[in-house]
Amino acid sequence: MWKHPWGYKEGFTISAGLVLTGILLQLTTGAVNTDFLQFPVNVFLGGLYIIFIVVLSFISNKNTSIRWLSGMTASITSISAFLFLVLIMGLTRQSGVHDNSGILGVLGFKNMLSSWSFVLVFIYMMSVLALVTLRRLKHFRWKKDIPFLLNHLGLFITLFAAVLGNADMHRYQMVVGSENPEWRATEDSGKIIEMDLAIELNDFTIDEYPPKLMLIDNHSGKTLPEKQPVTLLIEKAPTAGSLLDWDVSISNVLENAAPVVGRDSVHFVEFHSEGAAAAVYVTAANRKSGKQAAGWVSSGSFLFPYHALKLDEKVSIVMPDREPKRFASDVNVFTKDGKNIHSVIEVNKPLKVNGWKIYQISYDERMGKWSNISKFELVKDPWIGWVYAGIILMISGAIGLFVTGKTACENKGEND
Amino acid sequence: MTWETFIYFAIPSVILWAAGAYFAFRDKRKLALTLTITGILVFAAYIAGIWISLERPPLRTMGETRLWYSFFLPVAGLMTYLRWKYKWILSFSTILAFVFILINIFKPEIHNKTLMPALQSPWFAPHVIIYMFSYAVLGAATVIGLYFLIRKNDKNFTESIMHLIDNLVYVGTAFLTIGMLIGAVWAKDAWGHYWSWDPKETWAAATWLSYLIFIHYRNHKPKNLRNALYVLVFSFILLQVCWYGINYLPSAQGVSIHTYSLD
């Protein structure tokens, strides 16, 4: 070992050494904190790193060990080491920096992204990637090397920008009620911050999917069949269908209803105010036992309890909470530099204002469709342009890979 | 169109594909192509029908992704047949597609109409369809590789088949990359971040890295087939974990935003 040319043995040993070093650092200094990597520190360190890599690349002509870093075995072994840690991450529930329980917790693997081993192996792999890319650039052949360059450079730019940009990314939550414009947002830590923009909620709407019915076990309360319930979606009335052995027909659907409690039964009437719930009138007959039942079923709301229909000793029919199809906030956004933007923000359609992106994330789920608050996330990610640039290069590279197949990227093989 | 009508499209498709595969063996190229394409069209008609009747792309449940998988296997087979002219590839893609069709006939999973707001995006369809295509191609490469591992020394077989496996892995990995990156761009729009190390993402990264190891190793040691094939099989196991395995993985329970099943 350690006689040139280095091979897989040396490669895996270096990787294992990095993992072990990481573990020692983890035990002595605790998890890695990358918060310090904020602008301008990240730009400065990133610049230094690039200079360092370029210098390494130039002296690699003279130094066989450094030259080895830009070769195949270094690539394969460093990717393998990184894969190894990603697999541990995939098999271990990631529960946060403060979870030091168990051997995996002590090693920092329950919060893999902040563990020293992960950070060291990642930097190592990224450096190998950079050196490989630079080496190819030095003897660049047009056409033949283009897919190679797009893939490798694209990946490097994406990873580099993602890592350096991470501490510069700000994410805040803002809960907006219907009264006043809101200027305050909260950090993950719970700290309240005054923003340079405010959101005024004009209107919050939820469209829901039609009500649906399913069966539950009277004793356990679990759905039937468990975990994969059969359901019946009620799009119009009257309608009929079946749930397991029960033939079900629905004669009346009230989108907005309230229960009226009689002496020995409950029935539902139209009700168009806050708190109304969907209710349907169900008639059911069992194909096997011939047993019949009829009555109202309702999902309930924050105001009214749900209402089930007991079919027999074992089974009841219920209406689960209705699923939202779309939720959206009609808002006015004010900024301190005097902008006033009127817009509708919904899931998958964030609004961009002064470098911030405003995402619709949630609402008062207890109130359901009657929610009069809206929850937003405000994200500023100044490095996103670089990440997208890297992604575009990689997609182009992948298309190149697809078009040219194996032949174009072929290496001479065996020699490095 | 409902899930119950699936069988009336699936069986004719399989028969057409099988006939196509037969004629490919007999070197009746035109007939093979016509039959296979007709089969694909019949199957596509069902997908279109269920898409329309569900009022959303059929891409949410496991059963629905299997539907695409069994669609893309013959498509991948056909493309391979057109490009590299292997006689047997169509039989092979037909058998694989048939297996997934059978699973969908005998064990269909809940197919309801609801699609949560986070999934309502123009990125949704390309993201999943590209992934399913990639899974189909990589699945084909893996089965060929396994066959090869078991049969051992057949020198003539070796060169050309290994070349095919390489090409399939290049195509599969290219699509894997594109599917993953489209997912990242979409995630930025839906959740505010392009990569959150959600369990599905972690396993997608692992799968991708493993295929990268295969590609690099093949370039480095083109003669050492056995090791390369082990990496190939290992990669596909990771892919299975990523596709549906995480639904059963204790470390991923309740934390993945990628599980859209009913509770």
Side-chain angles (χ1 to χ4, degrees), chain A residues 72-73 75-76 79-80 82-83 86-87 89-94 112-113 151 162 169 171 209-210 212 223 227-231 233 323-327 346-350 357 359-361 377 379 381 384 387-388 391 394-395 397-402 404-406 409-411 413-414 416, chain B residues 83 109-110 112-121 123 163 166-167 169-171 173-178 181-182 184-186 188-195 197 199 202-203 205-206 209-210 212-213 215-223 238 241 246 249-253 255 261-263:
Chain A
M72 268 294 193
T73 39
S75 306
I76 292 170
I79 300 173
S80 305
F82 188 62
L83 170 61
V86 171
L87 283 177
M89 185 177 173
L91 292 168
T92 315
R93 183 178 277 265
Q94 298 296 299
M112 188 57 95
L113 298 178
N151 285 320
M169 189 169 79
R171 306 179 75 156
Y209 279 103
K212 67 185 178 194
T223 56
K227 286 193 176 160
Q228 297 210 324
V230 288
T231 59
L233 199 69
E323 292 169 83
K325 190 177 195 170
R326 170 180 177 265
F327 49 98
E346 60 179 289
V347 179
N348 269 314
K349 286 173 191 158
K357 267 194 168 187
Y359 295 82
Q360 172 79 64
I361 51 167
E377 186 168 38
V379 180
D381 191 358
I384 188 69
V387 174
Y388 282 154
I391 286 179
M394 278 173 83
I395 290 181
I399 293 170
L401 209 65
F402 169 65
T404 55
K406 165 93 171 152
C409 295
E410 213 142 15
N411 222 330
E414 303 281 351
D416 52 298
Chain B
R83 192 161 160 183
E109 277 154 75
I110 309 303
N112 70 21
K113 275 190 178 178
T114 57
L115 189 61
M116 58 187 58
L119 294 184
Q120 293 165 19
S121 160
W123 296 107
H163 190 63
D166 283 337
N167 276 310
V169 173
Y170 270 67
V171 172
T173 308
F175 275 77
L176 209 59
T177 310
I178 296 170
L181 295 174
I182 284 180
V185 174
W186 175 19
K188 184 73 195 172
D189 258 7
W191 297 315
H193 201 18
Y194 43 86
W195 193 273
W197 292 101
T202 304
W203 285 95
L209 291 167
S210 193
L212 293 191
I213 293 173
I215 289 176
H216 286 88
Y217 188 77
R218 283 290 298 144
N219 277 331
H220 187 226
K221 301 269 180 199
K223 300 263 159 57
L238 297 186
V241 179
I246 61 159
L249 217 62
S251 63
Q253 290 310 307
V255 286
S261 57
L262 296 160
D263 34 27

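To find a chain, count down the sequence lines: A is the first, B the second, and so on, and within it residues start at 1.
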Checklist line | Separation between NE2 of B:His193 and CZ of A:Arg171, rounded to the nearest 0.5 Å | finding: 6.5 Å

Next item on the list: Would you mind reporting whether B:Met116 and A:Glu323 have side-chain heavy atoms less than 4.5 Å apart?
Entry: no

Next item on the list: Taking salt bridge (charged side-chain N to carboxylate O under 4.0 Å, His left out) as the test, write out the residues that go with B:Lys188, two or more places apart.
Entry: A:Asp381

Next item on the list: Applying side chain to side chain contact (heavy atoms under 4.5 Å, CB included), run through A:Leu87 and B:Trp203 and close with a yes or a no.
Entry: CA-CA 7 Å; A:Leu87 283 177; B:Trp203 285 95; 3.4 Å; yes

Next item on the list: Examine whether an atom of A:Met112 lies under 4.5 Å from a heavy atom of chain B, and if so say whether it belongs to the side chain, the backbone or both; otherwise answer neither.
Entry: neither

Checklist line | Note, B:Trp197 side chain near A:Gln94 side chain (heavy atom, < 4.5 Å) | finding: no

Item checked: Proximity breakdown for A:Ile384 and chain B, heavy-atom pairs closer than 4.5 Å -> side chain

Checklist line | Heavy-atom closest pair, residues B:Tyr194 and A:Val387 | finding: OH-CG2, 3.5 Å

Note to self: Under the rule for salt bridge (charged side-chain N to carboxylate O under 4.0 Å, His left out), what residues qualify as partners of A:Arg326, not counting sequence neighbours?
What the structure shows: A:Asp207, A:Glu346

Check: To the nearest 0.5 Å, what is the distance between CZ (B:Phe175) and CD1 (A:Ile399)?
Finding: 8.5 Å

Item checked: Which atoms of A:Lys325 approach chain B - backbone, side chain, both or neither, heavy atom under 4.5 Å -> both

Next item on the list: Identify the heavy atoms of A:Leu83 and B:Ala206 that sit nearest to each other, and give their distance.
Entry: CD1-O, 3.3 Å

Check: At their closest point, which heavy atom of A:Ala398 faces which heavy atom of B:Ala174, and how far apart are they?
Finding: O-CB, 3.2 Å

Margin query: What part of B:Ser210 gets within 4.5 angstrom of chain A, counting heavy atoms only: side chain, backbone, both, or neither?
Written below: both

Check: Side chain, backbone, both or neither: which part of B:Leu176 has a heavy atom under 4.5 Å from chain A?
Finding: neither

Notebook entry, point to check: For A:Arg93 and B:Ser251, which heavy atoms make the closest approach, and how far apart are they?
Noted result: N-CB, 3.5 Å

Next item on the list: Under 4.5 Å, counting heavy-atom pairs only, tell me which of B:Ile178, B:Ile213, B:Val171, B:Val185 racks up the most with chain A.
Entry: B:Ile213

Next item on the list: Determine the option with the most heavy-atom pairs under 4.5 angstrom with chain A, choosing from B:Thr177, B:Val169, B:Leu181.
Entry: B:Leu181

Checklist line | Closest heavy-atom pair and its distance - B:Asp189, A:Tyr359 | finding: O-CE2, 3.2 Å

Checklist line | Heavy-atom pair with the smallest gap, counting every atom of A:Asn348 and B:Pro117 | finding: ND2-O, 3.4 Å

Notebook entry, point to check: For A:Val379, is it the side chain, the backbone, both, or neither that has a heavy atom closer than 4.5 Å to a heavy atom of chain B?
Noted result: side chain

Notebook entry, point to check: A:Ser80 versus chain B, heavy atoms under 4.5 Å apart: side chain, backbone, both or neither?
Noted result: both

Next item on the list: Dump the intermediate steps for side chain to side chain contact (heavy atoms under 4.5 Å, CB included) on A:Met72 and B:Asn219, then the final yes or no.
Entry: CA-CA 8 Å; A:Met72 268 294 193; B:Asn219 277 331; 3.4 Å; yes

Next item on the list: Drop me the distance from A:Ile76's CD1 to B:Arg218's CZ, to the nearest 0.5 angstrom.
Entry: 11.5 Å

